[in-house]
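Scroll down for the structure; my scribbles are underneath it.
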Amino acid sequence: MATASKDPPTKFGVVLFPGFQSLDVFGPVDILNFLSKGRDELRFSMLAETLDPVSTALEPGGFGQSVMPTHTFRDAPEDIEVVLVPGGMGTRRDDVIAPSVEYVKRVFPKVRYFLTVCTGSALAAKAGVLDGKRATSNKLAFEWVKSVGPNVDWVPKARWVTDGNVWTSSGVSAGIDMMFAFVADRYGEDVAEDISIRSEYRRNPDSTDDPFAKSAS
């Protein structure tokens, strides 16, 4: 059973780009919203190339929802400890994610923890920060993700993978299970369990329990 860390992180940032997957962001973020209750020291930033709204739609006018960033990549807080990178169709467009890739390259050596959801691991692989590390990704996009990260040790059957301070998760909803595991590891199992009860969410606490691995393509 995980016990609370003596020095849990308090400053979180999420990378946004056009065409990000909404649940990749808001599943993990809602866990952090619960975590913040009674923890005034927690700080949260939404990061993007500009302060313009960032849409889940890849093309202008497409079906989607928009999020207002709190900071640009240029003026992002220097003391962010945890960076989370979502996936989504935007990760397949180098022109769309180029600013995010450059930010990840710059900030990766400074952060305490680096987390990805779904094809966010492909963005991280393009930044070179997963080279030599074990990682996973969305199984329906697995072969494509592997092709953009040939120097990564891709794990084909995993709900999420932890390699040092890097946490990567499988497709979309897997980011929720990864974040619960992260909270349990850094803040304590009791905290994670309490949040899951308040969310009425049935956690998958086993990182190797991946029923979607058979869909890998």
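The model shown is predicted, which means the values in this text are computed figures rather than measured ones.
Using a 4.5 Å heavy-atom threshold, the side chains of F212 and R159 count as touching. Side-chain contact between I31 and L35 is absent, with no heavy atoms from C-beta onward closer than 4.5 Å. Looking at heavy atoms from C-beta onward, F182 lies in side-chain contact with P9 at the 4.5 angstrom threshold. Using a 4.5 Å heavy-atom cutoff, the side chains of S170 and W160 are not in contact. Proximity of V172 to V117: side-chain heavy atoms (C-beta onward) are nowhere separated by under 4.5 Å. Side-chain contact between L115 and V85 is absent, with no heavy-atom pair separated by less than 4.5 Å. Between D194 and F34, every side-chain heavy-atom pair lies at or beyond the 4.5 Å cut-off. The side-chain heavy atoms of Q21 and M89, taken from C-beta on, include no pair separated by under 4.5 Å.
At least one donor-acceptor pair closer than 3.5 Å links the side chain of T72 to the backbone N or O of R74. Within the 3.5 Å criterion, the main-chain N or O of G64 finds no donor-acceptor partner in the side chain of T56. With hydrogens and angles ignored, the 3.5 Å screen pairs no side-chain donor or acceptor of T136 with any backbone N or O of V161. In this structure, S66 contributes its side chain and P53 its backbone to no donor-acceptor pair below 3.5 Å. A distance-only check finds a donor-acceptor pair linking the side chain of D210 to the backbone of A158 [under 3.5 Å]. In this structure, the side chain of D24 engages the main chain of G87 through a donor-acceptor pair within 3.5 Å. Remark: side-chain polar atoms of S137 are paired, donor with acceptor, to backbone N or O of C118 under 3.5 angstrom.
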Chi angles and distances behind the side chain to side chain contact (heavy atoms under 4.5 Å, CB included) call for L123, V104: CA-CA 9 Å; L123 189 158; V104 166; 3.9 Å; yes
Please evaluate residues V83 and V15 with respect to the criterion side chain to side chain contact (heavy atoms under 4.5 Å, CB included), reporting the C-alpha separation (whole Å), side-chain torsions for both, the decisive distance (0.1 Å), and the verdict. CA-CA 7 Å; V83 167; V15 171; 3.9 Å; yes
W167 and V82: CA distance, side-chain angles, deciding distance, side chain to side chain contact (heavy atoms under 4.5 Å, CB included) verdict: CA-CA 11 Å; W167 297 59; V82 183; over 6 Å; no
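Salt-bridge annotation for R203 and E193: present, with a side-chain N of the basic residue lying under 4.0 Å from a carboxylate O of the acidic one. Under a 4.0 Å N-O distance rule, the pair K110/E78 qualifies as a salt bridge. A salt bridge between D94 and K126 is present, with a side-chain N of the basic residue lying under 4.0 Å from a carboxylate O of the acidic one.
Using a 4.5 Å cut-off between side-chain heavy atoms of Ile, Leu, Val, Met, Phe, Trp and Tyr, with links allowed through other members, L47 and L32 fall into the same hydrophobic cluster. Cluster membership check: V152 shares its hydrophobic cluster with V166, using side-chain heavy-atom separations under 4.5 Å among Ile, Leu, Val, Met, Phe, Trp and Tyr. No continuous path of ILVMFWY side-chain contacts below 4.5 Å connects V148 to V155, so the two sit in separate hydrophobic clusters.
At least one test fails for R134 against the ring of W154: distance under 6.0 Å to the centre or angle within 45° of the axis.
Of all non-hydrogen atoms in P69 and D52, the two that sit nearest each other are CD-O, 3.2 Å. Taking both residues in full, the closest heavy atoms of A48 and V54 are given as CB-CG2, 3.7 Å, listed atom of the first, atom of the second, then distance. Contact detail for F44 and V29: the closest heavy-atom pair is CZ-CG2, 3.7 Å. S199 and F180 make their closest contact through OG-CZ, 4.5 Å (heavy atoms, listed as atom of the first residue, atom of the second, distance). Of all the heavy atoms in L130 and A125, the pair that sits closest is CD1-N, 4.0 Å. Shown here for G88 and T119, the closest heavy-atom pair between the two residues is N-OG1, 3.1 Å.
Between the NZ atom in K133 and the OG1 atom in T162 there is a gap of 11.5 Å [rounded to 0.5 Å]. The distance from atom CZ of R112 to atom CG of D79, rounded to the nearest 0.5 Å, is 11.5 Å. Atoms CG and CH2, from N138 and W144 in turn, are 10.0 Å apart once rounded to the nearest 0.5 Å. Residue N204 holds its CG atom at 4.5 Å from CG of D209, rounded to the nearest 0.5 Å. Note that the CZ atom of R106 and the CZ atom of F73 stand 9.0 Å from one another [nearest 0.5 Å].
For the side-chain contact (heavy atoms from CB on, under 4.5 Å) with V14, the lone residue among V25, V67, I80 that qualifies is V25. Between T10 and the choices E81, R39, E41, the side-chain hydrogen bond (donor to acceptor under 3.5 Å, both in side chains) rule is met once, by E81.
In this structure, a donor-acceptor pair under 3.5 Å is absent between the side chains of T208 and K157. In summary, the side chains of S36 and N33 do not present any donor paired with an acceptor at a separation below 3.5 Å, with no hydrogens or angles considered. Side-chain contact annotation: Y201 with D177, donor-acceptor N/O pair under 3.5 Å present. Remark: the R186 side chain and the Y113 side chain contain an N/O donor-acceptor pair separated by less than 3.5 Å. There is no side-chain donor-acceptor pair under 3.5 Å between T116 and S121. Judged purely by distance below 3.5 Å, without hydrogens or angles, the side chains of S22 and Q65 never pair a donor atom with an acceptor atom.
For F108, the ring pair (Phe, Tyr, Trp, His ring centres under 6.0 Å) test picks out F114, with sequence neighbours left out.
Around atom NZ of K11, more than 12 heavy atoms belonging to other residues, nucleotides or ligands sit under 6.0 Å away.
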